[in-house]
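Reading through the C-alpha cells given below for one structure.
Computed over heavy atoms, backbone and side chain alike; hydrogens, waters and symmetry mates excluded. Note that ligands are numbered from 1 as they come in the structure, with each ligand's atoms numbered from 1 the same way.
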Amino acid sequence: MHTTLERVLAKYPHESYFIEATQEFFSSLSFEVEPTILEQLLHAERIIMFRVPWIDRDGITQTNYGYRVQYNGALGPYKGGLRFDPSVNLDILKTLAFEQTFKNALTGIAMGGAKGGSDFNPKGKTDAEIMKFCQNFMIELHRHIGATIDVPAGDKGVGKREVGYMFGAYKRLTHSFEGVLTGKDIAFGGALGRTEATGYGLIYIVNALLRDIKQDLEGKRVVISGSGNVAIYAAEKAIAEGACVIAMSDRSGYVYDEAGLELQAIIDHKLKGEPLETFTGARFVHELPIWSVPCDIALPCATEGEINERDIKALAINGCKIIAEGANRPLTKEAVDAIQASDILYLPGKAANAGGVAVSGIEMSQNAQMRAFTFAEVDTQLKAIMESIYVQIRNTAKELGEPTNFLKGANHVAYAKVAYAMKAQGYV
Ligand code: GLU
C-alpha cells in the first residue's frame, strides 16, 4: 500500500469503513497518485460537528449529534444529502462524503462532495417532534451552508417534509430565500422529477449498458431490494420498459411473484405504514435473502452492505447478469471482489445512483435562474446525464484494457476530474 495512505489512515484506526472505502478507491487506480493530492483527498476540507438539543412530546430535552462533512469543493459548492438514522457516525459520513465527491464529479455538474446528518431516529416520532428536531438542527447548520457554499439534500430518513422544515428554518435564520437545499417541495423551488430521479436514473444507466450488449429490458426478471423511494421508482421505470419485477423487500423480508409483482398494491400497502410481512398480494419470504431469487438483473436499492460474497455467488449461479447499485455502497468489499471473479456486469453506485444528485444539480440551476423546468425537461436532462456517465466509464474501462470493469472506469474518470481541478486551483 502507498506509504501516504498507510500513514494517514493510521491516524484514524477506528474509522474502519472509511479506511476500507479509501483503500478500495485508490488501489483501483492503475497509476501512482500524486502524494499531495492523495494526502488532501484523504482529508475532508472541513468537518462540522455539533450538539442538537430539542424538546420531545413530553417536554423532555433530548440531545442528538449533528454533522456536516464538507469533503471536497474542487468542482463546485459542497453537495450531498443529510441522513437521519441511529447508525449515523463520523466514519460513515466521511465515507459517504468521499464517495459523493466522485459521484458528483461523474454527473458533469458543478458540485463538490459532502454528506451530513444526525443520529436522530425519525421512526416513531410525531410530526411536531420531526419539525422541532429539523429546526434545532438548522440553528447550527445554517452558519455553514448557502446556495453557493454548501447545498444539502435528503438521504435516508430525510425526505421532502424534513427538507421543507429545514428550509423554513434557514429562511428565518438568515432572512434569505435561496436554493440552499434540494429535494424541496415543488411549491417553493423543488424540481419536478427529483423524487423519481435516483430510481429512474438507475434504469436509464442499466438500459444504456443493455443497449451496448444488444439487449433490452423486455422480459428481463428484475429483483429489487428495498421499498423506499429509490426502489419504487426503479421498479416503476423497469416495468414501463417491459421488465418483470419479481421480488422487492423491506426490513421484514421479501415478496415474490414470478409473474411480476403488482407495484401499485405494494406502494399502497407501504403508504399505510405496513411491513411487507402483512402484504397478501404475493408470497412473503423472510428466512432467505432476496438475492437467492433467480433473476437476470439485481438492483440493490436498500442500504449499505446488503450484499455479501455468498449472495454474489448465489446470484451468479442462478444466472444473474447485471448488478447495478441504487443504494450507496450496498455491496461489501468481499462482494465487490467476488464480482470481479464472476461474469456479472457491475455498475457501481457512484455511477448508477448519480441520478438523484444530478437532478439536485438541475434544481440548483433552476433556483439560480428563478424559473422551473417541466418534468419532461428534467427527465430528458437526467437521461442524457446517465447515458453520458455510462459512455465515460465504459470508454475509460476499455482504454484501461478491462472493458467490463466499470468500477475502475468510474474511479478513473472521477479521480481525473477532481484531481485536475484541485491542482489547477493551486492544490486546494
Ligand atoms: N442522498 C443522495 C445521494 O446519495 C442525493 C444527494 C443530493 O441530492 O444532494 O446521492
Side-chain angles (χ1 to χ4, degrees), residues 21 67-73 75-85 87-88 92-118 141 145-160 162-164 166-167 179-185 189-202 205 226 228-231 233-234 300-304 324-330 347-367 378 381-382 385-386 389 410 414:
Y67 305 83
R68 185 69 177 164
V69 180
Q70 297 177 337
Y71 207 91
N72 191 290
L75 295 177
Y78 305 109
K79 183 83 196 87
L82 296 170
R83 176 176 291 195
F84 291 170
D85 192 86
S87 67
V88 162
I92 297 220
L93 294 180
K94 272 177 69 177
T95 308
L96 294 174
F98 177 83
E99 285 273 315
Q100 193 84 39
T101 299
F102 299 104
K103 183 198 304 196
N104 294 1
L106 288 175
T107 66
I109 301 175
M111 298 183 291
K115 201 92 191 182
S118 172
L141 190 68
I145 60 175
T148 58
I149 303 168
D150 180 356
V151 184
D155 197 79
K156 212 185 293 170
V158 178
K160 200 177 281 175
E162 292 73 18
V163 167
M166 286 191 271
F167 183 78
V180 65
L181 289 152
T182 61
K184 298 185 291 298
D185 198 305
L192 285 163
R194 174 65 187 86
T195 317
E196 296 86 346
T198 313
Y200 279 17
L202 180 65
I205 200 166
N229 225 21
V230 182
Y233 289 106
C301 297
T303 191
E304 281 95 30
E325 296 180 332
N328 287 316
R329 300 183 65 76
L347 289 168
K350 61 171 78 70
N353 70 41
V357 76
V359 172
S360 275
I362 295 171
E363 184 171 332
M364 284 165 76
S365 89
Q366 75 170 23
N367 291 163
V378 174
Q381 289 186 63
L382 169 64
I385 292 168
M386 298 313 293
I389 293 176

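- For the pair Asp150 and Lys79, the salt-bridge criterion is not met [side-chain N within less than 4.0 Å of a carboxylate O].
- Within ligand 1, counting atoms from 1 as listed, the ones closer than 4.0 Å to a heavy atom of Gly81 are 1 (N), 6 (C), 9 (O).
- If you take CG on Asp155 and CD on Glu162, they are separated by 12.0 Å, rounding to the nearest 0.5 Å.
- Residue Arg83 places no heavy atom under 4.0 Å from ligand 1.
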Test side-chain contact (heavy atoms from CB on, under 4.5 Å) on Leu202 and Thr198 and set out the steps.
CA-CA 6 Å; Leu202 180 65; Thr198 313; 5.9 Å; no
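- Of all the atoms in ligand 1, the ones that sit under 4.0 Å from a non-hydrogen atom of Gln100 are 3 (C), 4 (O), 6 (C), 10 (O).
- Heavy-atom separations between Gly154 and ligand 1 include at least one value shorter than 4.0 Å.
- Comparing heavy-atom distances from atom 2 (C) of ligand 1 across Asp155, Asn328, Thr107, Thr198 singles out Asp155 as nearest.
- A donor-acceptor pair shorter than 3.5 Å can be found between the side chains of Lys184 and Asn367.
- At the shortest separation from atom 9 (O) of ligand 1 among protein heavy atoms lies Lys79 NZ, 2.7 Å.
- The closest approach between any non-hydrogen atom of Lys103 and ligand 1 is below 4.0 Å.
- Shown in contact with Ser360 at under 4.0 Å from a heavy atom are these atoms of ligand 1, numbered in order with element: 7 (C), 8 (O), 9 (O).
- Of all the atoms in ligand 1, the ones that sit under 4.0 Å from a non-hydrogen atom of Ala153 are 7 (C), 8 (O), 9 (O).
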Output, in order, the C-alpha distance, side-chain angles, deciding distance and verdict of salt bridge (charged side-chain N to carboxylate O under 4.0 Å, His left out) for Lys156 and Glu304.
CA-CA 11 Å; Lys156 212 185 293 170; Glu304 281 95 30; 3.7 Å; yes
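- Residue pairs that meet the side-chain hydrogen bond (donor to acceptor under 3.5 Å, both in side chains) test with at least one member in residues 351-361, sequence neighbours left out, are Lys103-Asn353, Thr182-Ser360, Arg194-Ser360, Asn328-Asn353.
- At a heavy-atom distance under 4.0 Å, only side-chain atoms of Arg194, from C-beta outward, approach ligand 1.
- Take Ala105 and apply the side chain to side chain contact (heavy atoms under 4.5 Å, CB included) test, not counting sequence neighbours, and it matches Leu75, Ala414, Lys417, Val418.
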